Amino acid sequence: MKQPKILFLIVIALLPLTLVSCISGGARLAKGWSGTAVHDGIAYVGTVDGRVVAINSSTENLEWSYSTAQVNAPSSGLSCGQTSIPTAIYGTPVVDRDIVYIGTYSGQVLALNMLARSQNLTFPQQRYGEWEWDCPIDNAKSNAIVADLLVREDAIYVSSSNGRVYSLDKEFGDLNWESKVLDETHRKLWTSPVIPGDTLYVSTFDGHIYALSLETGELLDWSFESAAGFASSPVIYEDTIFLGSFDRYLYAVKIGSDVPIWKFPQEKPAGNWFWASPIVNEGIVYAGCLDGRVYAIEAKTGGNLWEFDAGNPIVSSPVLMDNLLIVTDESGTVYVFDLSAELEDEAMPLKAISIGADVRSSFCAQEGLVYIRGEDNQLYVVDINMGGVSWKVNLTIEE
Amino acid sequence: MSFLDVWYLIIGNPVLNVLIALSHLLSGSFGLAIIALTIIVRLISWPLTKRQLKSSKALQDMQPKIQELQKKYGKNKQKLQQETMKLYKEAGVNPLGCLWPMLVQLPIWIALYQAIMRALATTPENLLDLAHRLYSWDIVNQAIPLNSHFLWLDLGGSGDFILAIIVGGTMWVQQKMTQAPAVDPGQQSTSRMMLLMMPLMFGFITLMVPSGLALYWAVSNIIGIITQYFFTGGWGYLKFRSPFQSKQ
């Protein structure tokens, strides 16, 4: 009698252990979903193993690769130890002349010189204009940089998970200014700022749009407040800000106004969040939604011009190439819409091309080719005319 | 449909959505939402708790008889155990009955652990995954993203020593109130080990799991103590001294 009882007690005592060690459905490590940028025939992209790579799109060969620093993360399960993991990269590399700028989840902004990286010189090579900048944690939980960097004239603008926006000198990486903490509740600024003139606009998870002075980073008089948080980065078209919200509406806000011009959909909310930033072309807002639909909305009125159901969530922002609207859904299908067609025909995609891998990252399109990094860590190049994947390259280093 | 799909459909996603909805109703406080959920879970499991409390009260009332048996069969451990078990059986009492409510709550703990990690969305992947698990209720979508701060705690981060002491301490008090003293010295060591092991274990685990889950344990224990106090009319076995202790 006694032995089974002790066994029972041990089993009971071990149950909490199994609770922690056997279930993994909760947290997921940050793996990153870096977007792709193409400049002078070279595709730049961040990989899931924390590297920034440059791929020659003519030869399909690796031009150079730079490994960002590893970071410590808690071991899984009940182990109290730490393990080294690659830094996640969420932003899209920004190319300006011979420098590639990238922000990392470990809170660094890197300026990588193409020549120095192709020669694999020790980083940073100051004589080549290379630098790195460490974002302060500033009493927040994290200093992670998730949003795309914004490079403009002589400065780089960085949204940080510590709740501040930073302006850095483009040439040396020196701090120009830092904003006050814009979202005290969540701190996470995971959306990119936008600069239509001499003002910087940024949206927050606590439902604000703030206007900051480009010179000093100080808050300007106008801000907009919504009941729900903003999920997507703002886009500006003719003094109106368009952005998606967690309440499943797309908002159009006139700069200087306290009330939105319109919310879309006008009757009941969409099936899910407008996570990806919309794009605006000739008075029409094109927005992908996590409910799997692409919406074409009249920018002035918020009227629904057409919608297309892709059937899978749309995580990446749509892209324009000439008269074509390119949309990818999360399952990796690339849809091509002809914007020069009559409105009723516009809603039917010209082509639907599957790359065979999930897509969450930003992509770019140039000269008939669409460059997409799949969640399988491969770079896919889709030829729109051919209607298929032209070539692909594995971004994982073979051991 | 896999086991995981069924799990999320029946338990995982409902707990997640209820927790987020509660958070919205309680001024965006995720900590208060966890406390409210704890009260709801305790209310749902009240029939089971009531049975356990009745059993506990019966055990307390049986103590004079058990002490008589101890005097009578003190030297014959096997006989003492047999007679004690017979007494329990006649009274329809299970001395380990207090553990069943804990077992029943285990799926809730797992769901809550997952819900806290998912709802607080510490990484962009978590936040995007969350979108696929939310119901289309306005109340849920308007609450996102959640505020992870409550009192001095970051509910998505690991618990600290203060919380670990609160969890371990309240668990010890609750167990001590309900756990009947052992009928022989051999059992007493097992009983004492159990009384210490569980609070220590939970206190230790508090340092590793999200503090939101530990908050659930602490509040659940405190509710348990209060219920026990009023239902049995006192501190139960907390003040009870085993006859074996007085002999030592």
Side-chain angles (χ1 to χ4, degrees), chain A residues 1-2 5-6 8-10 12-20 22-33 74 77-80 88 90 105 141-142 144 146 184-188 190 205-207 227-229 231 245-249 268-269 271-273 275 290-291 313 315 330 360, chain B residues 4 7-8 12 28 78 81-82 85 96 99 102-103 106 109-111 113-118 120-132 134 136 138 141-149 154 156-158 186-187 190-191 193-194 197-198 201-202 204-205 207-210 213 217:
Chain A
M1 186 74 192
K2 197 172 171 181
K5 245 184 205 177
I6 291 173
F8 178 71
L9 293 176
I10 291 170
I12 291 289
L14 286 175
L15 280 174
L17 292 174
T18 58
L19 167 72
V20 182
C22 297
I23 49 174
S24 58
R28 282 183 62 174
L29 280 177
K31 288 176 72 180
W33 51 55
L78 281 177
S79 165
C80 300
Y90 289 92
Y105 199 67
K141 273 167 67 179
S142 163
V146 174
E184 286 282 0
T185 311
H186 308 95
R187 285 293 191 109
K188 301 164 186 163
W190 287 357
F205 278 177
D206 68 356
S245 166
F246 287 109
D247 63 4
R248 297 179 291 154
Y249 285 101
K268 58 177 187 174
N272 212 318
W273 306 338
W275 172 271
L290 291 182
D291 68 4
V315 181
E330 198 177 20
R360 288 181 157 186
Chain B
L4 269 182
W7 165 264
Y8 284 119
Q78 203 179 347
Q81 205 171 15
Q82 276 174 0
M85 291 314 290
L96 291 174
L99 296 170
M102 202 182 277
L103 275 180
L106 194 69
W109 291 351
I110 295 171
Y113 171 81
Q114 292 176 331
I116 290 166
M117 296 311 290
R118 286 192 191 283
L120 292 177
T122 50
T123 66
E125 281 89 345
N126 282 158
L127 189 56
L128 191 53
D129 287 345
L130 184 61
H132 305 314
L134 297 183
S136 56
D138 287 346
N141 287 280
Q142 281 172 4
I144 298 294
L146 297 167
N147 179 7
S148 65
H149 296 284
D154 171 15
S158 303
Q187 264 193 344
T190 312
S191 173
M193 184 183 76
M194 192 61 197
M197 194 163 67
M198 291 288 280
M201 187 78 79
F202 271 79
F204 177 65
I205 292 172
L207 300 173
M208 286 182 277
V209 297
L213 182 61
W217 289 336

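Labels below follow one simple rule: chain letters A, B, ... track the order of the sequence lines, proteins then strands, and each chain is numbered from 1. What you are looking at is a predicted structure, and each value in this text was computed from that prediction instead of being measured.
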Do you know which two heavy atoms are closest between A/K188 and B/L120, and how far apart they sit?
NZ-O, 3.3 Å
Say you draw a straight line from CZ of A/R187 to NE2 of B/H149; how long is it, rounded to the nearest 0.5 Å?
7.5 Å
Heavy atoms only: give me the nearest A/K31-B/E125 pair and the separation to one decimal.
N-OE2, 2.8 Å
Looking only at heavy atoms, the pair that brings A/L290 and B/A131 closest together is CD1-CB, 3.5 Å
OG1 on B/T123 to CH2 on A/W190, rounded to 0.5 Å:
6.0 Å
Could you look at B/S148 and say if it's the side chain, the backbone, both or neither that has a heavy atom under 4.5 Å from chain A?
side chain
Just so I understand: if I count every heavy-atom pair under 4.5 Å between each of B/L127, B/L134, B/D154 and chain A, which residue has the most?
B/L127
Less than 4.5 Å to any heavy atom of chain B: does that hold for the side chain of A/F205, its backbone, both, or neither?
both
Spacing of A/H186 atom NE2 and B/I144 atom CD1 [to the nearest 0.5 Å]:
8.5 Å
So, for A/R360 and B/L128, which heavy atoms are closest and what is the spacing to 0.1 Å?
NE-CD2, 3.5 Å
Which region of A/E330, side chain (C-beta onward) or backbone (N, CA, C, O), has a non-hydrogen atom less than 4.5 Å from a non-hydrogen atom of chain B, or is it both or neither?
side chain
Heavy atoms only, distances under 4.5 angstrom: which of A/D247, A/D206, A/D291, A/T185 has the most pairs with chain B? Name it, please.
A/T185
